[in-house]
Amino acid sequence: MPPVRLAYIDCQKGFAIFLVVLGHILQHYYSDVNIAIRIVYSFHIPLFMFMSGYVCFRKYDWAMIKKRSTQLLIPFFSYIPVRYVLNILLNGSIDSSLFQYFCHVVYQPDMGLWFLWALFFITVLFIASRRIARRINLPEWIVFAAVAGLLNGIVIFGNVRQFGFHWIAWYFIYFCAGVMWRTWNENKNDTRKFDFRLLISCAIVFPVMVYFFRMHNEPPTFYQWINLGRLFPVVYRLVIGMVGTMLVYELFKLYNKQTERLHFLSKMGGNFGNILYSLPCIANCIHMANFWKCDCNRYMPVHNNRIDYQLCIVEGMPQISYSGTVGNGQMA
């Protein structure tokens, strides 16, 4: 019997893809204080990580490491020379050699496709944490929490950011949250009342939190009046990412039957093979952005503007393909 697909899961992944594209486009037109940018960047990557753990919560063992290295590390390393050439086209020349640039990106993955790099090592951490939990006979959530606390403590107090360590530590939390949420749902027969209450709570809390949210790890705007300590901005960013993620999750789950009408989102999020369906959507978004910004010469030369959009497309594509790496929306 073929596995049952979860339409609302496919739609959530498609929606997350849309947010990635929208975020890239908005950044070309507005500053980081724009409310639309703050909404998108408050939770779109946490949503990806949460769904990654949610759809693959039973599939992870050491045999997955080889598969994930093919899916994630090969695209990460392959993109480095592509970005190197694009930088030359954009700037006319570049000071470092390809090898030096390669080493620099590995040392600071933020310059490349850090998302794929982080996800691979999150997978390794998750498998190791699960095996430790089973060996010492502890609930998995305790080990997950301990590992996440240790990693993020190193980042906060040691300011360790080399090799993308800060991204790995941060998004490990959301990945594990997706695993534990799926586990909890599997053990409950009827969660409709709880889901509805959670949806209402998130719908109330999220707009309030977004209003005070700021980009680039800066403390919320009310910090100019109330300073709640060094760790509060970190907790605030963690909570708003989770609240936004749960709001989207509960919305799509509540309207599960209606999500079947969102054919384009389901196709985008369905599986790796359907990436080709999503690419025209990306192209149309970029084309529309160029059309809207017909007076782009006021901001930057036309040549550089086109190169920026090419970079946007190339950087966005691996995150689009991620819909194929996190699972296929099936009942695991």
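Quantities reported herein were computed from a predicted structural model and do not represent experimental measurements. The figures that follow rest on heavy atoms only: side chains count, while hydrogens, waters and symmetry mates do not.
- Annotation: side chain of L151 is in contact with side chain of V147 (closest heavy-atom distance under 4.5 Å).
- Checked against a 6.0 Å centroid threshold, the rings of F206 and F43 count as neighbours.
- Remark: the backbone N or O of T245 is not paired with any side-chain donor or acceptor of Y174 at under 3.5 angstrom.
- Between W170 and V234 the shortest side-chain heavy-atom distance falls below 4.5 Å.
- Annotation: the span from I122 atom CD1 to Y171 atom OH amounts to 9.0 Å, rounded to 0.5 Å.
- Looking at F126 and C176, their side chains come closer than 4.5 Å, going by heavy atoms from C-beta outward.
- With rounding to the nearest 0.5 Å, the separation of CG in L119 from CD in Q71 is 9.0 Å.
- Residues R134 and E140 form a side-chain contact, since some pair of their non-hydrogen atoms from C-beta on lies under 4.5 Å apart.
- Of all the heavy atoms in P75 and L116, the pair that sits closest is CB-CD1, 3.7 Å.
- Closest non-hydrogen pair, F120 versus I65, comes out as CE1-O, 3.7 Å.
- Within the 4.5 Å cutoff, no side-chain heavy atoms of L73 are placed close to those of R68.
- Between the side chain of S52 and the backbone N or O of F48, no donor-acceptor pair lies under 3.5 Å.
- R182 forms a cation-pi arrangement with Y54, by the criterion of a distance under 6.0 Å to the ring centre and an angle within 45° of the ring axis.
- Ring centroid separation for the pair F102 and Y84 does not come in under the 6.0 Å cut-off.
- With Q100 contributing its side chain and S97 its backbone, the two residues share a donor-acceptor pair below 3.5 Å.
- The side-chain heavy atoms of M111 and H104, taken from C-beta on, include a pair separated by under 4.5 Å.
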Stepwise, does the side-chain contact (heavy atoms from CB on, under 4.5 Å) test hold for Q162 with F165? CA-CA 6 Å; Q162 295 82 0; F165 186 86; over 6 Å; no

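- The same ILVMFWY cluster, assembled from side-chain heavy atoms under 4.5 Å apart, contains both I173 and I142.
- Aromatic ring orientation, F252 versus F15: tilted (interplanar angle from 30° to 60°).
- No side-chain heavy atom of F213 sits less than 4.5 Å from a side-chain heavy atom of P220.
- Judged by distance alone, with hydrogens and angles left aside, the side-chain atoms of R38 form no donor-acceptor pair with the main-chain N or O of R214 at under 3.5 Å.
- Interatomic distance, OG of S129 versus CZ of F172, reported as 4.0 Å (0.5 Å rounding).
- You'll find the ring centres of F212 and Y236 outside the 6.0 Å limit.
- We find the CG-CG distance between L251 and L199 to be 5.0 Å, quoted to the nearest 0.5 Å.
- Under a hydrophobic-cluster definition in which Ile, Leu, Val, Met, Phe, Trp and Tyr are linked whenever side-chain heavy atoms come within less than 4.5 Å, directly or via other members, I154 and F157 are assigned to the same cluster.
- Note on V82: it clusters hydrophobically with F115, by side-chain heavy-atom contacts below 4.5 Å among ILVMFWY residues.
- Side-chain contact between H166 and V160 is absent, with no heavy atoms from C-beta onward closer than 4.5 Å.
- Taking both residues in full, the closest heavy atoms of A118 and I168 are given as CA-CG1, 3.8 Å, listed atom of the first, atom of the second, then distance.
- In the hydrophobic clustering of ILVMFWY residues, with side-chain heavy atoms under 4.5 Å counting as a link, I200 and M242 come out apart.
- Residue L98 is grouped with residue Y79 when hydrophobic side chains (ILVMFWY) are merged at heavy-atom distances under 4.5 angstrom, including chains of intermediate members.
- How far CG of L231 is from CG of N152: 10.5 Å, rounded to the nearest 0.5 Å.
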Mind running ring pair (Phe, Tyr, Trp, His ring centres under 6.0 Å) on F194 and W184 for me, showing each step along the way? CA-CA 12 Å; F194 176 82; W184 181 80; 5.0 Å; yes

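- Considering every non-hydrogen atom in both G23 and V40, the closest pair reads CA-CG1, 4.1 Å.
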Can you list the steps and then say if F121 with F163 is a ring pair (Phe, Tyr, Trp, His ring centres under 6.0 Å)? CA-CA 11 Å; F121 289 102; F163 303 103; 9.3 Å; no

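- Surrounding CH2 of W181 are more than 12 heavy atoms belonging to other residues, nucleotides or ligands, all under 6.0 Å away.
- Distance check: K67 NZ to L72 CG gives 10.5 Å after rounding to the nearest 0.5 Å.
- At most 12 heavy atoms of other shown residues, nucleotides or ligands fall within 6.0 angstrom of atom OH in Y211.
- The heavy-atom pair separating F76 from L113 by the smallest distance is CD1-O, 3.1 Å.
- Listed here is the closest heavy atom pair of S42 and I39: OG-O, 2.7 Å.
- The distance between the ring centers of F50 and F175 does not fall below 6.0 angstrom.
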